[in-house]
Asker: 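The following block contains the structure, expressed as structure tokens.
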Amino acid sequence: MRVHFFSSFDRSYKRSRPLERGKIEAAVRMLLEYIERRPSTPPKGLGLKKLRGSVWEMRIDLQLRLVFTMEQDLLSFVLVGNHDDVRRWLRKPS
């Protein structure tokens, strides 16, 4: 599986606080491990939710969300932010 980080993800990651960065890094590792193993059901703590098409959201904590896309052999990390950041990104025209 190839992994790509969009510039929007990089910007939102850099804006996050150091404590949040640790959580984000742990979430990315957990997601990559899950995808490599491909179990039939995701672990409960992963908090995955399909938003539309190939766009998914992963809950990092009560406030923080990670948006990514999965297409065949490419996993792209798009954004990390709160619920409002995700909604704002979803409203942007493609």
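In this text, all values refer to a predicted model and were calculated from it rather than measured experimentally. Just the heavy atoms: all of them, side chains too, but no hydrogens, waters or symmetry mates, feed the values below.
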Asker: When you group the ILVMFWY residues by side-chain heavy-atom contacts below 4.5 Å and let the links chain together, are Met58 and Leu74 in the same group?
Answerer: no
Asker: Using the test side-chain hydrogen bond (donor to acceptor under 3.5 Å, both in side chains), find all partners of Arg11 that sit at least two apart in sequence or belong to another chain.
Answerer: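 Here the qualifying residues are Ser7.
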Asker: Can you list everything that forms a ring-ring contact (aromatic ring centres under 6.0 Å, His included) with Phe6? Sequence neighbours excluded, please.
Answerer: His4
Asker: Would you check if Leu51 and Leu90 make a side-chain contact, meaning some heavy-atom pair closer than 4.5 Å?
Answerer: yes
Asker: Take Leu66 and Phe9, measure what side-chain contact (heavy atoms from CB on, under 4.5 Å) needs, and give me the verdict at the end.
Answerer: CA-CA 9 Å; Leu66 173 67; Phe9 178 86; 3.3 Å; yes
Asker: Distance check, rounded to the nearest 0.5 Å: Leu79 atom CG versus Ser8 atom OG?
Answerer: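 Separation between the atoms: 6.0 Å.
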Asker: Which residues satisfy the side-chain contact (heavy atoms from CB on, under 4.5 Å) test with Met70, sequence neighbours excluded?
Answerer: Ile35, Trp56, Phe68, Leu75
Asker: What is the distance from atom CG of Leu19 to atom CG of Leu64, rounded to the nearest 0.5 Å?
Answerer: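 Reported value, rounded in 0.5 Å steps: 10.0 Å.
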Asker: Does Arg2 have any salt bridge (charged side-chain N to carboxylate O under 4.0 Å, His left out) partners at least two apart in sequence or in another chain, and if so, which?
Answerer: Asp73
Asker: Start with the C-alpha gap between Val67 and Val55, add the side-chain angles, then the distance that decides, and say whether side-chain contact (heavy atoms from CB on, under 4.5 Å) holds.
Answerer: CA-CA 7 Å; Val67 177; Val55 179; 3.8 Å; yes
Asker: Check whether Tyr34 and Phe77 end up in the same hydrophobic cluster, where Ile, Leu, Val, Met, Phe, Trp and Tyr are linked by side-chain heavy atoms less than 4.5 Å apart.
Answerer: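 In one cluster: yes.
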Asker: Got a list of side-chain donor-acceptor pairs under 3.5 Å for residues 22-32, not counting sequence neighbours?
Answerer:
from  : atom 1 : to    : atom 2 : distance (Å)
Lys23 : NZ     : Asp61 : OD2    : 3.0
Glu25 : OE2    : Tyr13 : OH     : 2.2

Asker: With sequence neighbours excluded, tell me which residues meet side-chain contact (heavy atoms from CB on, under 4.5 Å) with Gln72.
Answerer: none
Asker: Look up atom NZ in Lys49 and atom CZ in Arg65, then write down how far apart they are to the nearest 0.5 Å.
Answerer: 8.0 Å
Asker: Any side chain to side chain donor-acceptor pair (under 3.5 Å) pairs touching residues 75-85, not counting sequence neighbours?
Answerer: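 Qualifying pairs: Asp85-Arg88.
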Asker: Who pairs with Arg17 by side-chain hydrogen bond (donor to acceptor under 3.5 Å, both in side chains), at least two apart in sequence or on another chain?
Answerer: Glu20
Asker: According to a hydrophobic-cluster definition based on side-chain heavy atoms being under 4.5 Å apart (Ile, Leu, Val, Met, Phe, Trp, Tyr only), do Phe5 and Val86 belong together?
Answerer: no
Asker: Met1 and Leu48: same hydrophobic cluster, using ILVMFWY side-chain contacts below 4.5 Å?
Answerer: yes
Asker: Is Arg87 atom CZ crowded by more than 12 heavy atoms from other residues, nucleotides or ligands, each under 6.0 Å away?
Answerer: no
